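Before any comments, here is the structure.
Because the structure is a prediction, the values reported are computed rather than measured. Throughout, residue positions are numbered sequentially from 1 according to the sequence presented.
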Amino acid sequence: MSSLSATLNLLRPSLAPPPPSLRFCDVRNSASSYCTSRRLALFHLGSALPQSQLLGAKASELLRGERNTLEAAPVANLAQAGTAMTKENALEWVKNDKRRMLHVVYRVGDLDKTIKFYTECLGMKLLRRRDIPEEQYSNAFLGYGPEESNFVVELTYNYGVDKYTIGTGFGHFGIDVEDVSKSVELIKAKGGKVTREPGPAKGGSTIIASVEDPDGYTFELLERGPSPEPLCQVMLRVGDLDRAINFYKKAFGMELLRKRDYPEYKYTYALMGYGPEDKNPVLELTYNYGITDYDKGNGYAQIAIGTDDVYKSAEAIKLYGGKIVLEPGPLPGINTKITACLDPDGWKSVFVDNVDFMKELE
C-alpha cells in the first residue's frame, strides 16, 4: 500500500515553549487483534515518511501547508460531486451527512515506550500495530473500543526520528475517568509525569488533572461517570474563535455544544462535535486574549472524520473558507476516497468515505 505521508519535510528546529498564560486545561464537566489488512493511506498523510515516487517534489510543499494542492488520483474531480454547490444547499447537505470523528494522528519518538504508557497508565487497548519498513515508519492504533465505533489515536513512528516539537497551538487530549485521584496515583506509580495535581478546573467544579506522555503530549483527565467514549476531546488553540466556530459549524457540520468566556483568566473556549459531549468526542477550540497565531510544531498531525461523500465535503469546505490540500478522490492502489483540508487557523483534517473506511477495517 502506498502512503501519502511525509514527516521529514516538516522537521525544523524546536521553537519556544508556550507562555505560562496560555491555557492548557478544560472546564467541561475487548482489545482487537492485530490486523493484517491494508490500512488507509490517509491516516499517514502528514505523519509518516515521504513517498517521493508518488508525490515527487510537491510533497514538501503540501506538508508545509504551502500554496500547492495535490490530487489523490487522476480520476479525482469535483465534477463527480454533481451540480456545483451553493452555500445554502451545502449547509443542508453537511447537516445531513453521516459524520463522526474517527481518530487523531500524531507522531512519537519511541513507539514501544508510548504504547506501554498508554496501556499501563491510561488504560487504553492496543487495537493494531504494524511496521512498514519500505516506507520507513511504524504505527499503532490505541483506544477504549473498536475503531468501527470509537474515537482512537494513531501513533506514528518515523525511523530515526526520536523527537518532535509540539508547539504552542496544540493543547491536550481529554480522557474521562471515574476517579481522577486514583488515576493520578497509578500514573505516578508507573513513573508517569503529572503536570497538574487533581483539583477543580479554573472557573468550574469538574475535578481534573494533567499528565504528559513520553513525548510531552498533554492528557487531561476529567472526573466524570462511565462514558461510551472515554477519549473525549482534542483541544486546539485558535486565533479567532468566532471565525473557527462558524467554519466548523458550516464546513464540518459540527454543533456548538458550549461556549464560555473567562475574562479573569483571559480566555474563551468552545466545544464542537457531532452529538452530546457525554456520548461523543469533541473538538475544544480555545482563544487566549490577544493571541492570533500559534506555532503548530511538527508532532500533531490531524483528525480524521467520516463522510458519505468526499467530493461534496470538499466543496462545502471551500465554500466556507477552508483550504483543500488533497483533492477528493480514490487513493492510488486501494481506491479509498479521501480529501484533506486546512481550517482558517491551519489545522489539518482528513475526510474519508464511510463505506470505504468500513471495508478497510474488514
Side-chain angles (χ1 to χ4, degrees), residues 1-6 35 37-48 51 53-56 58-59 62-63 68-85 89-90 92-105 128 132 135 139 141 146-149 151-152 154 156 248 250-254 274 301-320 322-343 347-362:
M1 177 190 74
S2 297
S3 165
L4 293 179
S5 310
C35 179
S37 68
R38 298 175 303 171
R39 185 62 191 170
L40 292 176
L42 78 94
F43 298 149
H44 315 304
L45 178 64
S47 61
Q51 187 58 260
Q53 66 268 35
L54 176 61
L55 298 182
K58 290 185 178 180
L62 164 66
L63 292 160
N68 285 356
T69 59
L70 298 176
E71 293 183 357
V75 297
N77 190 316
L78 280 178
Q80 295 188 23
T83 304
M85 279 188 171
N89 59 32
E92 184 64 23
W93 183 82
V94 168
K95 180 181 178 181
N96 294 317
D97 189 22
K98 187 178 180 182
R99 295 184 175 183
R100 74 175 180 92
M101 293 167 63
L102 304 175
H103 69 253
V104 60
V105 185
R128 67 174 70 201
I132 315 295
E135 302 285 349
N139 65 1
F141 297 82
E147 294 175 67
E148 290 85 350
S149 57
F151 186 52
V152 306
E154 178 193 346
T156 297
Y248 280 97
K250 294 180 177 179
F252 278 42
M254 290 185 175
Y274 292 112
Q302 68 220 13
I303 291 174
I305 297 172
T307 177
D308 285 337
D309 192 317
V310 298
Y311 300 98
K312 290 181 179 178
S313 290
E315 278 212 70
I317 288 164
K318 288 181 177 180
L319 283 171
Y320 287 104
K323 179 181 179 181
I324 298 299
V325 294
L326 183 67
E327 292 291 347
L331 288 166
I334 64 173
N335 296 320
T336 296
K337 295 180 288 296
I338 74 163
T339 190
C341 70
L342 301 179
D343 75 1
W347 293 112
K348 185 163 64 177
S349 296
V350 176
F351 284 80
V352 54
D353 181 271
N354 286 322
V355 173
D356 293 345
F357 174 71
M358 295 307 293
K359 288 179 180 177
E360 288 292 336
L361 291 179
E362 291 175 356

Under the salt bridge (Lys or Arg N to Asp or Glu O under 4.0 Å) test, which residues partner Arg100, sequence neighbours left out?
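Listed in chain order: nothing, the list is empty.
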In Å, rounded to the nearest 0.5 Å, how long is the span from [atom1] of [X] to [atom2] of [Y]?
X      : Y      : atom1 : atom2 : result
Lys337 : Thr307 : NZ    : OG1   : 11.0 Å
Lys250 : Lys95  : NZ    : NZ    : 13.5 Å
Met101 : Tyr274 : CE    : OH    : 8.0 Å
Asp97  : Ile305 : CG    : CD1   : 10.0 Å
Cys341 : Ile317 : SG    : CD1   : 3.5 Å
Phe151 : Leu102 : CZ    : CG    : 8.5 Å

Tell me whether Lys98 is salt-bridged to Asp308, with the criterion being a basic N under 4.0 Å from an acidic carboxylate O.
no
Between Lys318 and Glu327 (salt bridge meaning N to carboxylate O under 4.0 Å), is one present in this structure?
yes
Distance-only polar pair, side chains of Asn139 and Thr156, donor-acceptor under 3.5 Å
no
State whether a side-chain donor-acceptor pair under 3.5 Å links Thr336 with Glu360.
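Thr336 vs Glu360: donor-acceptor pair found between side chains.
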Nearest non-hydrogen partners of [X] and [Y], listed with the distance:
X      : Y      : value
Arg99  : Gly253 : NH1-N, 4.0 Å
Ala301 : Lys348 : O-CB, 3.8 Å
Ala90  : Leu319 : CB-CD1, 3.8 Å
Ala340 : Val350 : CB-CG2, 4.0 Å

Given 3.5 Å as the limit, does a donor-acceptor pair link the side chain of Asn96 with the main chain of Glu92, or not?
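Yes; judged by distance alone, with no hydrogens or angles, the pair exists.
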Are Phe252 and Phe351 an aromatic pair, judged by ring center distance below 6.0 Å?
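Yes: the rings meet the under 6.0 Å criterion.
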Side chains of Asp353 and Ile338, heavy atoms from C-beta outward: is any pair under 4.5 Å?
no
